[in-house]
Amino acid sequence: MTTLRRHLKKKFLIEFLERAQLSFKHLAAAAVHSDGRVLAAVGPCASDLKADNPHCLSFPLTLTGEPAGDLLLQGPELTADDLDSLKQQGEMLAYSLQAQIDAAEKGRAMTAETLDVYRELSLLYRATVSLNQSLDETDVARSLLLEIEKADLAAQWGAVLSCENKAEGFHLLNSFGDLDESVVQKITTSPLFRDIIDLEKGQIIN
């Protein structure tokens, strides 16, 4: 099971559960479990709470759609009405925790995306340095492709093409990965490729 330890910090959970315990008269103990561990617990014997305990209610928590933990609430001996009330309160608490988890995961995803962009910019900078230090196009192509391979950008192949004039077309300077002349020919004769060349601007195509 995916753990929620990085998404729900213990200090936050303790304060969250303590406020819930003060606000709801039928709540005696509460805990949050994830990956077989107790992330936080408040109230008598809260660390020992289990979903199958008497008068214990369990509310699932997910991470990117996958089961990741549970919110456990326990009251004293409750009437049916009191148990229904505690269940409604638990659903509200679980909804709040789930919103916190989703927000934290979105932040982590944005951070990862930012790091990917940084790696790509760093790659371009290193490649530019190499370009500025060399006048030989073969060396430039080799250096650029080497930087791409080292950057671990999950590219299946890469190639550097050169064109002396439009009449002769493009020829392959250097490449890596599973690439043959037929693929190069297919790319360089495609309408999209010709449009990009005519614009004389760099383009990112997905």
Side-chain angles (χ1 to χ4, degrees), residues 1-126 147-156 158 204-206:
M1 180 183 290
T2 305
T3 182
L4 295 174
R5 282 181 295 170
R6 294 182 179 180
H7 298 73
L8 296 175
K9 301 302 182 182
K10 185 174 182 179
K11 181 180 179 181
F12 163 78
L13 283 176
I14 292 293
E15 293 178 354
F16 180 85
L17 296 178
E18 285 179 343
R19 286 178 179 271
Q21 190 180 32
L22 291 173
S23 300
F24 305 142
K25 65 179 182 178
H26 299 305
L27 179 57
V32 174
H33 290 192
S34 180
D35 194 24
R37 300 184 181 184
V38 179
L39 300 187
V42 299
C45 303
S47 296
D48 298 324
L49 281 182
K50 295 182 180 179
D52 56 358
N53 285 4
H55 310 292
C56 184
L57 299 176
S58 177
F59 304 88
L61 301 172
T62 63
L63 180 61
T64 62
E66 298 295 328
D70 298 280
L71 168 66
L72 301 179
L73 305 180
Q74 186 168 26
E77 293 188 12
L78 302 174
T79 65
D81 289 342
D82 291 341
L83 193 62
D84 285 342
S85 177
L86 183 59
K87 184 177 180 180
Q88 292 176 4
Q89 294 163 354
E91 288 173 347
M92 182 186 69
L93 294 175
Y95 178 85
S96 299
L97 285 178
Q98 189 62 58
Q100 176 72 16
I101 294 167
D102 294 343
E105 178 59 21
K106 184 176 293 185
R108 289 172 61 83
M110 290 180 63
T111 299
E113 184 176 344
T114 300
L115 287 174
D116 286 341
V117 171
Y118 170 78
R119 292 189 187 100
E120 293 176 4
L121 290 175
S122 179
L123 163 64
L124 291 175
Y125 171 77
R126 294 195 303 271
E147 289 294 342
I148 293 174
E149 286 188 283
K150 289 194 299 184
D152 190 25
L153 296 179
Q156 294 179 344
I204 297 175
I205 306 298
N206 294 321

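Note that the structure is predicted; figures quoted are calculated from it, not measured.
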Find the distance between CG (Leu17) and CG (Leu22) and round it off to the nearest 0.5 Å.
-> 11.0 Å
Minimum heavy-atom separation for Leu39 to Lys10, with atom names?
-> O-CG, 3.5 Å
Could you list the donor-acceptor pairs under 3.5 angstrom formed between side-chain atoms of residues 88-96 and any protein atom two or more places apart in sequence or on another chain?
unit_1, atom_1, unit_2, atom_2, d
Gln89, NE2, Ser85, OG, 3.4
Ser96, OG, Met92, O, 3.1

Over all heavy atoms of both residues, which pair between Cys56 and Leu72 is shortest? Give the atoms and the distance, please.
-> SG-CB, 4.2 Å
Indicate the atoms forming the closest heavy-atom contact of Leu73 with Ala30, along with that distance.
-> CD2-CB, 3.6 Å
Counting only N and O atoms by type, is there a donor-acceptor contact under 3.5 Å from the side chain of Gln74 to the main-chain atoms of Leu27?
-> no
Checking side-chain contact (heavy atoms from CB on, under 4.5 Å) for the pair Leu97/Leu13: CA distance, chi angles, key distance, verdict?
-> CA-CA 9 Å; Leu97 285 178; Leu13 283 176; 3.7 Å; yes
Mind checking the CD-NZ spacing from Gln100 to Lys9? Nearest 0.5 Å is all I need.
-> 10.5 Å
Check His7 against Leu63 and note the closest heavy-atom contact, atom names and distance.
-> NE2-CD1, 3.6 Å
At what distance, to the nearest 0.5 angstrom, does CG of Leu4 lie from NE2 of His33?
-> 12.0 Å
For Ala41 and Ile14, the nearest pair of non-hydrogen atoms, with its separation, is O-CD1, 3.7 Å
OG1 of Thr62 to CD1 of Ile101, rounded to nearest 0.5 Å, is 6.5 Å
Check residues 43-54 and write down every donor-acceptor pair under 3.5 Å in which the side-chain atom is one partner and the other belongs to a residue at least two apart or another chain.
none

